[in-house]
Amino acid sequence: MTGTRRIVLLSGPNLNLSGQREPDVYGTASLDEHVAVARVAADELGYLLEHLQTNHEGDLVEAVQGARGRALAVVINAGALSHTSWSLHDALAAFDGVVVELHLSNPAAREPFRHTSVIAPVADGSIAGFGGIGYGLSIVAVHRILEQRRTR
Ligand code: DQA
């Protein structure tokens with residue numbers, strides 16, 4: 001991995017409807033607005049942010065595989081796949097950079113099927129329940145973890 005300090009931000013199924021679907025749960029900001037917040041934080045801290053939204057599990061798996069050796073971190077809001085996708089779990093387990101699991105809502109405070117995340121065990125940590133604020137926080141978290149690793 002030479003030069004570019006890249007962070008890959010991944011948005012899973014239905015995240016493209018952010019701002020339109022269940023605004024009482026997910027807020028009124030669009031995904032583009034959330035990504036813009038993450039991009040400002042990344043710019044400020046000296047990272048290149050690459051974003052992909054897809055409604056397809058396999059595309060997310062391929063994006064995580066594609067981050068191998070190219071990105072320092074993956075920040076992922078996998079939507080409902082967070083609760084079900086073992087293939088995403090395995091792909092993230094094979095990624096050797098920082099992994100941050102991100103959610104707009106707080107799944108732990110919602111329906112029981114959202115209480116389990118199958119990607120949490122392969123993430124460095126999770127940011128959930130802060131709405132759009134989480135997008136900026138996730139980039140700061142990546143930066144701090146990388147700094148910590150560098151100085152250890
Ligand atoms: C979500 C939470 C998931 O449970 C849900 O399926 C989503 C969005 C969030 O950002 O709060 O699609 O990941």
Side-chain angles (χ1 to χ4, degrees), residues 5-45 47-68 70-146:
R5 291 153 50 80
R6 192 186 318 267
I7 298 174
V8 171
L9 171 63
L10 298 174
S11 303
N14 301 306
L15 268 298
N16 54 314
L17 297 181
S18 297
Q20 299 169 47
R21 69 161 175 158
E22 302 181 76
D24 45 321
V25 178
Y26 299 118
T28 54
S30 68
L31 182 59
D32 282 352
E33 289 171 315
H34 293 316
V35 174
V37 167
R39 203 175 293 288
V40 167
D43 282 353
E44 277 173 10
L45 294 168
Y47 299 92
L48 179 79
L49 188 78
E50 209 176 270
H51 175 246
L52 171 78
Q53 190 279 325
T54 172
N55 293 320
H56 303 283
E57 182 175 9
D59 290 347
L60 284 176
V61 169
E62 283 184 357
V64 174
Q65 289 184 8
R68 284 159 52 83
R70 238 170 37 86
L72 295 169
V74 170
V75 175
I76 180 163
N77 184 343
L81 290 173
S82 316
H83 315 301
T84 60
S85 178
W86 290 106
S87 55
L88 208 44
H89 166 108
D90 286 353
L92 289 166
F95 176 71
D96 61 2
V98 176
V99 175
V100 175
E101 178 188 20
L102 177 62
H103 297 285
L104 288 162
S105 68
N106 178 4
R110 299 180 61 196
E111 306 95 315
F113 77 88
R114 297 185 203 274
H115 295 181
T116 299
S117 164
V118 299
I119 62 174
V122 288
D124 289 275
S126 304
I127 295 173
F130 298 112
I133 296 166
Y135 281 77
L137 293 178
S138 68
I139 303 300
V140 173
V142 164
H143 178 63
R144 293 279 170 82
I145 294 168
L146 288 171

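Position 1 is the first residue of the sequence; numbering continues from there. In listed order, ligands and their atoms are each counted from 1. This one's a predicted model, so the numbers in the text were calculated from it and none came from an experiment.
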Does any N/O atom on [X] come nearer than 3.5 Å to any N/O atom on ligand 1?
X    : answer
A78  : no
R21  : yes
L102 : no
N14  : no
H103 : yes

In the protein, what heavy atom is nearest to [atom], and what distance, to one decimal place, separates them?
atom                    : value
atom 9 (C) of ligand 1  : L104 N, 3.3 Å
atom 5 (C) of ligand 1  : R114 NH1, 3.2 Å
atom 4 (O) of ligand 1  : H83 NE2, 2.7 Å
atom 11 (O) of ligand 1 : S105 OG, 2.6 Å

**Asked** So, for A67 and V8, which heavy atoms are closest and what is the spacing to 0.1 Å?
**Response**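 Heavy atoms of A67 and V8 come nearest at CB-CG2, 4.1 Å.
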Within the distance-only criterion (no hydrogens, no angle test), does the side chain of [X] pair as donor or acceptor with the backbone N or O of [Y] below 3.5 angstrom?
X    : Y    : answer
H103 : G79  : no
H89  : V118 : yes
D124 : V100 : no

### N55 and Q53 side chains, donor-acceptor separation under 3.5 Å
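Side chains of Q53 and N55: pair found under 3.5 Å.
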In terms of atom number and element, which parts of ligand 1 are under 4.0 angstrom from non-hydrogen atoms of N77?
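It comes down to these atoms of ligand 1: 1 (C), 9 (C), 10 (O), 13 (O).
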### Query
In chain order, what residues pass the ring pair (Phe, Tyr, Trp, His ring centres under 6.0 Å) check against H34, with sequence neighbours excluded?
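Scan of H34 (ring pair (Phe, Tyr, Trp, His ring centres under 6.0 Å), adjacent residues dropped) gives Y135.
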Subject >> Pairwise side-chain contact, R21 with N14, heavy-atom cut-off 4.5 Å (strictly under) >> reply: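 In contact.
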